[in-house]
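Quick notes on the structure that follows.
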Amino acid sequence: MTETKSNNGLKVLAGLLGVVLLGVIIYTVSLYQEKKKTEAVLTQEKSLVEADLNSLKSEYDKAILESNATNEELVTARDNIAKYLDSVKTMKADISSLSRYRRQVGVLKAEREQLLRQVDSLKTSNTLIAMQRDSTYVQLEKQTVFNDSLVVQNTQLADVVEKGSALNLTTFNVDAVKERNSGKLVSTSRSKSTDKLKICFTVANNVIAQAGDREFYLEVLDPQGNVLGESYSKTNDNGASVTYSKGTNFYYENQKLDVCDYINKPAGDFQKGNYMVNIYDDGLKLLGNVQFTLK
């Protein structure tokens, strides 16, 4: 009798294990199908972005062949699209990246419409100038208007390129650290234990930014609002100035770059209280700030 009950119990247990195993298999298959579905959608979306960029590039190629008046602007716009297209082809497809490039495609389409309208306007102006070339005065007057228009257009385009080529941060953090006798740095939140501040940031990739030596400025403010460090001063072309603790130099090659630097302990210990760290680019644009507290 006891043996019969034992056998029944084993059968029940085997049945339960079978149900659980079946559930795990169904769930695994479901996850796999969902993953494949998501990958297919992302691949399709990436193809659409590439198709839009290829279409824009083709339209610029056609416009360049048809017009010489704004050839330099059109070539620059087309080359920028080619750079974005290369970035899309080599990037790993994810929702965030595709959304960003989708928005950029919208910006590029708007820029295309503006430039093509300018091309049409310039064609009309050239036609009028050709019809009135017998009048030197009219020719000079039209040329003056035309040149002024180009100056405005070039200034606007330069502003767009300048903004698009500015460097930005993806991460920015500050860590108070104590240096052990071995040289190893360990994190601490106590003011008397802090030997230096470790400041790290990640510069985002930017295919249209100018590669080369760069310098960012670190401004560390103590609980009283005083600037820690040597208190250097920097003034930009617009007359704005910043007093900063330290300049951090690095070489930028259009790819994401991790940079770390240190602010050493002042003459005495670090004070207790709230600190703020600001980081500025070489044009004194504020890229980010972090607050932290030492006990």
Side-chain angles (χ1 to χ4, degrees), residues 87 91-92 94 96-97 100 162-238 240-295:
S87 297
M91 79 173 184
K92 181 179 179 182
D94 60 70
S96 175
S97 296
R100 185 175 69 252
E162 182 180 359
K163 292 178 181 177
S165 62
L167 299 184
N168 292 290
L169 305 183
T170 57
T171 62
F172 177 28
N173 58 78
V174 181
D175 192 19
V177 295
K178 175 180 177 60
E179 185 172 7
R180 293 181 173 173
N181 293 334
S182 63
K184 181 179 180 180
L185 299 177
V186 294
S187 297
T188 180
S189 61
R190 300 181 62 84
S191 58
K192 291 186 178 180
S193 300
T194 301
D195 291 323
K196 58 184 67 178
L197 301 178
K198 181 180 180 181
I199 302 173
C200 295
F201 55 88
T202 300
V203 184
N205 65 313
N206 188 326
V207 295
I208 63 174
Q210 183 177 1
D213 292 316
R214 294 297 185 95
E215 184 175 19
F216 283 178
Y217 305 104
L218 307 177
E219 179 187 46
V220 182
L221 303 177
D222 67 13
Q224 282 70 47
N226 300 317
V227 177
L228 293 181
E230 299 297 330
S231 296
Y232 303 100
S233 182
K234 171 73 175 180
T235 302
N236 64 13
D237 295 336
N238 297 323
S241 62
V242 166
T243 300
Y244 61 96
S245 304
K246 188 176 186 180
T248 297
N249 295 283
F250 58 92
Y251 190 84
Y252 184 69
E253 297 181 284
N254 304 103
Q255 301 294 321
K256 184 174 73 172
L257 180 66
D258 296 322
V259 181
C260 286
D261 209 336
Y262 298 88
I263 300 295
N264 294 322
K265 181 189 296 187
D269 291 333
F270 282 101
Q271 303 176 35
K272 295 181 180 180
N274 299 321
Y275 288 74
M276 175 177 285
V277 180
N278 299 314
I279 184 168
Y280 300 88
D281 66 9
D282 46 15
L284 300 189
K285 173 188 174 184
L286 179 63
L287 300 178
N289 57 63
V290 170
Q291 296 183 12
F292 66 96
T293 303
L294 293 180
K295 300 176 182 179

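For clarity, every value in this text was computed on a predicted model and none was experimentally measured. Hydrogens, waters and symmetry mates play no part in the numbers below; they use all other heavy atoms, side chains included.
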*asked:* Listing request: all ring pair (Phe, Tyr, Trp, His ring centres under 6.0 Å) pairs with a residue in residues 254-288, at least two apart in sequence or in separate chains.
replied: Y275-F292

*Would you mind listing every ring pair (Phe, Tyr, Trp, His ring centres under 6.0 Å) that reaches into residues 177-215, with sequence neighbours excluded?*
F201-F216

Take a 6.0 Å sphere around [atom1] of [X] and say whether it holds more than 12 heavy atoms from other residues, nucleotides or ligands.
| X | atom1 | value |
| --- | --- | --- |
| K198 | NZ | no |
| D237 | CG | no |
| K265 | NZ | yes |

From [atom1] ([X]) to [atom2] ([Y]), nearest 0.5 Å:
| X | Y | atom1 | atom2 | value |
| --- | --- | --- | --- | --- |
| L284 | K234 | CG | NZ | 6.5 Å |
| N289 | F172 | CG | CZ | 7.0 Å |
| N206 | K256 | CG | NZ | 14.5 Å |
| Y217 | S233 | OH | OG | 10.5 Å |
| N274 | D222 | CG | CG | 11.0 Å |
| R214 | D281 | CZ | CG | 8.0 Å |

Residue pair [X] / [Y]: nearest heavy atoms and the distance that separates them:
| X | Y | result |
| --- | --- | --- |
| A166 | K285 | CB-NZ, 4.4 Å |
| A176 | L294 | CB-CD2, 3.7 Å |
| A209 | N254 | O-ND2, 2.7 Å |
| L185 | E179 | CD2-CB, 3.6 Å |
| E215 | G247 | OE2-CA, 3.6 Å |
| Y252 | L167 | CE2-CD2, 3.4 Å |

Are any of the side-chain heavy atoms of [X] and [Y] separated by less than 4.5 Å?
| X | Y | answer |
| --- | --- | --- |
| L218 | D261 | yes |
| N173 | C200 | yes |
| V227 | L221 | yes |
| V203 | D258 | no |

*Sort out for me which residue in V259, V220, V290, T248 forms a side-chain contact (heavy atoms from CB on, under 4.5 Å) with I199.*
V220

*Can a donor-acceptor pair be found between the side chains of T171 and T202 at a distance below 3.5 Å?*
yes

*Any side-chain hydrogen bond (donor to acceptor under 3.5 Å, both in side chains) involving residues 181-194? Give me the pairs, sequence neighbours left out, ordered by first then second residue.*
D175-S187

*For I263 and K246, run side-chain contact (heavy atoms from CB on, under 4.5 Å): C-alpha distance rounded to whole Å, both residues' side-chain angles, the deciding distance at 0.1 Å, then the answer.*
CA-CA 8 Å; I263 300 295; K246 188 176 186 180; 3.7 Å; yes

